[in-house]
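First comes the structure, then the notes that go with it.
We name chains A, B, ... by the order of the sequence lines, and we start the count at 1 in each one. Heavy-atom basis, side chains included; hydrogens, waters and symmetry copies ignored.
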There are 4 protein chains.
Amino acid sequence: MTIRVRPESPVPIYEQIIGQIVFAVAASDLAPGEMVPSVRDLAAELVVNPNTVVRAYQELERAGILETKRGLGMEITADGPKRCRERRRAIVLLRMREALREAASAGLSAVDVCKMVEDEWPRLNSTRNGQAK
Amino acid sequence: MTIRVRPESPVPIYEQIIGQIVFAVAASDLAPGEMVPSVRDLAAELVVNPNTVVRAYQELERAGILETKRGLGMEITADGPKRCRERRRAIVLLRMREALREAASAGLSAVDVCKMVEDEWPRLNSTRNGQAK
Amino acid sequence: MTIRVRPESPVPIYEQIIGQIVFAVAASDLAPGEMVPSVRDLAAELVVNPNTVVRAYQELERAGILETKRGLGMEITADGPKRCRERRRAIVLLRMREALREAASAGLSAVDVCKMVEDEWPRLNSTRNGQAK
Amino acid sequence: MTIRVRPESPVPIYEQIIGQIVFAVAASDLAPGEMVPSVRDLAAELVVNPNTVVRAYQELERAGILETKRGLGMEITADGPKRCRERRRAIVLLRMREALREAASAGLSAVDVCKMVEDEWPRLNSTRNGQAK
DNA sequence: GTGGTCTAGACCACG
DNA sequence: GTGGTCTAGACCACC
């Protein structure tokens with residue numbers, strides 16, 4: 001499992017980490033009972049401050065996606081996959097709604113937007129953050 | 001010409017104002033030489049801090065879309081429409097790219113996204129800017 | 001509205017702040033629409049690091065009890081009172097259950113426990129943290 | 001004599017072990033001169049890290065409740081029962097005081113608390129330590 | 001002025 | 001080794 005963050009992105013690093021883990025669990029790349037990297041390890045790998053990772057993990061714990069095994073680390077909960085699929089949908093929908101609202105108030109039609117999606121989609125792969133498939 | 005802002009939106013209020021004016025000019029709802037409301041009037045109408053309107057107008061001035069008529073107010077420049085059409089495209093594209101990047105990293109396909117657009121599109125009008133009809 | 005924290009307590013400072021605000025809202029000492037002290041002000045008053053206050057406020061925001069007014073501060077939400085009453089109950093119940101479980105496994109009866117409550121209750125006022133009534 | 005720990009409890013595992021032994025001695029389920037299970041055996045039975053058991057035993061030794069019989073194991077001291085009865089009282093009182101302080105600062109009265117005790121008490125047996133009957 | 005994010009580094013409890 | 005909390009101080013966007 002590999003996590004990648006884009007430090008120059010407007011979306012906060014801790015949210016990027018959350019998103020990556022949510023998406024990985026939703027896609028069954030991370031299974032319940034599996035442990036996530038330790039705070040220190042992930043921080044070192046991403047070259048960010050450990051506190052930033054702590055924040056991401058704690059938010060995932062509050063969301064019932066991770067649970068702490070004291071002294072050992074944190075692992076995916078049994079409910080994780082279900083919650084992550086819900087959350088994934090919510091994340092994408094939220095961002096999508098913002099974009100659509102903007103498009104609508106700019107006077108575009110649904111057809112215009114779909115054309116734009118098809119135009120932009122292939123262009124993503126060149127600049128995307130990781131996952132090749 | 002009516003401007004509406006959603007204070008709870010994640011996009012900053014001054015950006016919303018900019019967007020609304022840009023879109024209005026691009027759609028010829030505001031013509032070159034026409035004047036925009038005074039800072040005080042618009043602030044009162046939108047119930048926002050006057051500084052917020054100032055910031056929006058300043059940015060539009062720097063972009064060559066508004067120009068100051070000393071002692072009178074600000075009006076749309078001759079180049080306004082052209083620049084606004086460009087800028088409109090840039091705004092929509094930017095927001096759309098963010099959404100698509102998220103969708104892609106969530107593992108969705110272009111088809112999934114288009115379906116989502118068609119699902120969400122009609123729903124926009126009912127909640128957009130609070131105007132029900 | 002006054003908040004007090006006991007730095008020597010085993011319960012984290014940010015949780016104490018959360019609890020105090022939850023209790024205040026549940027008791028209608030803080031009404032919806034009312035603003036809480038600014039992060040910096042409260043930090044100065046409690047002589048704690050601003051980040052500690054930030055953490056408390058953010059958790060209350062995620063719980064739907066506070067909402068951010070950008071550039072202005074944070075205020076109690078309309079749903080705040082309802083959520084705080086629920087949360088107050090949950091907080092007390094949680095701590096109480098731990099105590100009762102301990103008492104039960106120590107072989108005490110319900111009567112023993114109630115007697116203990118009546119014994120200890122008056123003693124609280126001398127060492128308690130604030131609220132005189 | 002059976003010891004049970006709840007790994008998901010907020011109270012540390014080593015403290016749970018201490019408590020269970022203290023309560024057993026106080027209730028004469030474990031008599032002076034009787035030996036406690038070996039570190040390895042108890043750790044295996046509870047599925048916890050042996051160091052955790054070591055820590056519990058060490059603390060009980062420091063408290064004069066257990067003593068080492070070199071090469072043989074550890075046994076309950078002659079003073080054990082007396083000290084455990086004192087300690088049992090202290091443990092229960094401490095936990096109870098925390099709960100009461102919370103209840104008081106939440107604005108509950110002594111009557112409210114006693115009602116809560118009577119409500120919760122029967123519920124304990126069904127979930128306590130996982131033993132259903 | 002407001003909150004939001006991030007870094008650096010410390011100390012603690014737990015296993 | 002693990003996570004949890006706290007401090008100090010920086011920089012940013014927004015109003």
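- Closest heavy-atom contact between Ser9(A) and Gln16(A): CB-NE2, 3.5 Å.
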In the 5'-to-3' direction, what one-character label does each nucleotide of nucleotides 9-15 of chain F receive under the scheme B = base within less than 4.0 Å of a protein heavy atom, S = sugar-phosphate only, - = no such atom?
-> B----BS

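- Between the Arg95(A) side chain and the Glu98(B) main chain, no donor and acceptor come within less than 3.5 Å of each other.
- Lys69(C) places its NZ atom 17 Å from the C1' atom of dG1(E), with the value rounded to the nearest Å.
- Rounded to a whole Å, the CZ atom of Arg62(C) is 12 Å from the P atom of dG4(E).
- Within the 3.5 Å criterion, the main-chain N or O of Pro7(D) finds a donor-acceptor partner in the side chain of Arg70(A).
- As a whole-Å value, the separation of Ile18(D) CD1 from dA13(E) C1' is 13 Å.
- Between Met74(A) atom CE and dC14(E) atom C1' there is a gap of 14 Å when expressed in whole angstrom units.
- One atom, CD1 of Ile17(C), and another, P of dT5(F), lie 13 Å apart when rounded to the nearest Å.
- Every side-chain contact (heavy atoms from CB on, under 4.5 Å) that Ile91(C) has, sequence neighbours left out, goes to Phe23(C), Arg87(C), Glu102(D).
- The CG-C1' distance, from Leu66(A) to dT2(F), rounds to 14 Å in whole Å.
- A search for salt bridge (charged side-chain N to carboxylate O under 4.0 Å, His left out) contacts involving Glu75(D) returns Lys69(D), not counting sequence neighbours.
- The distance between atom CD of Glu59(C) and atom C1' of dT5(F), rounded to the nearest whole Å, is 13 Å.
- If you check every strand for non-hydrogen atoms under 4.0 Å, Glu67(C) touches nothing.
- Listed here is the closest heavy atom pair of Ile3(C) and Leu46(C): O-CD2, 3.4 Å.
- The salt bridge (charged side-chain N to carboxylate O under 4.0 Å, His left out) search around Asp41(C) returns none, not counting sequence neighbours.
- Remark on DNA chain E: of its neighbouring residues Pro50(A) and Ser38(C), the 5'-side contact belongs to Ser38(C), judged by nearest-heavy-atom nucleotide.
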Convert the base pairs of DNA chain E into dot-bracket notation, remembering that pairs crossing earlier ones are written with [ ] and that bases paired across to another strand are shown as |; include only Watson-Crick or G-U pairs under 3.5 Å.
-> ||||||||||||||.

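- Not one N or O on the side chain of Glu15(B) forms a donor-acceptor pair closer than 3.5 Å with the backbone of Pro12(B).
- Between Glu61(C) and Pro10(D), it is Glu61(C) whose nearest contact on DNA chain E lies nearer the 5' terminus.
- At whole-Å resolution of the value, CG in Leu46(C) and P in dC6(F) are 12 Å apart.
- Remark: Gln58(C) is not in phosphate contact with dG3(E), judged by side-chain N or O atoms under 4.0 Å from OP1 or OP2.
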Using atom types as modelled, flag every donor-acceptor pair under 3.5 Å from a side chain in residues 52-65 of chain B to any protein atom, sequence neighbours excluded.
from     : atom 1 : to       : atom 2 : distance (Å)
Thr52(B) : OG1    : Asn49(B) : O      : 3.2
Arg55(B) : NH2    : Tyr14(B) : OH     : 3.3
Tyr57(B) : OH     : Pro37(B) : O      : 2.8
Glu61(B) : OE2    : Thr68(B) : OG1    : 2.7

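- Among the nucleotides dT2(E), dG3(E), dT5(E), the one closest to the side chain of Val39(C) is dG3(E).
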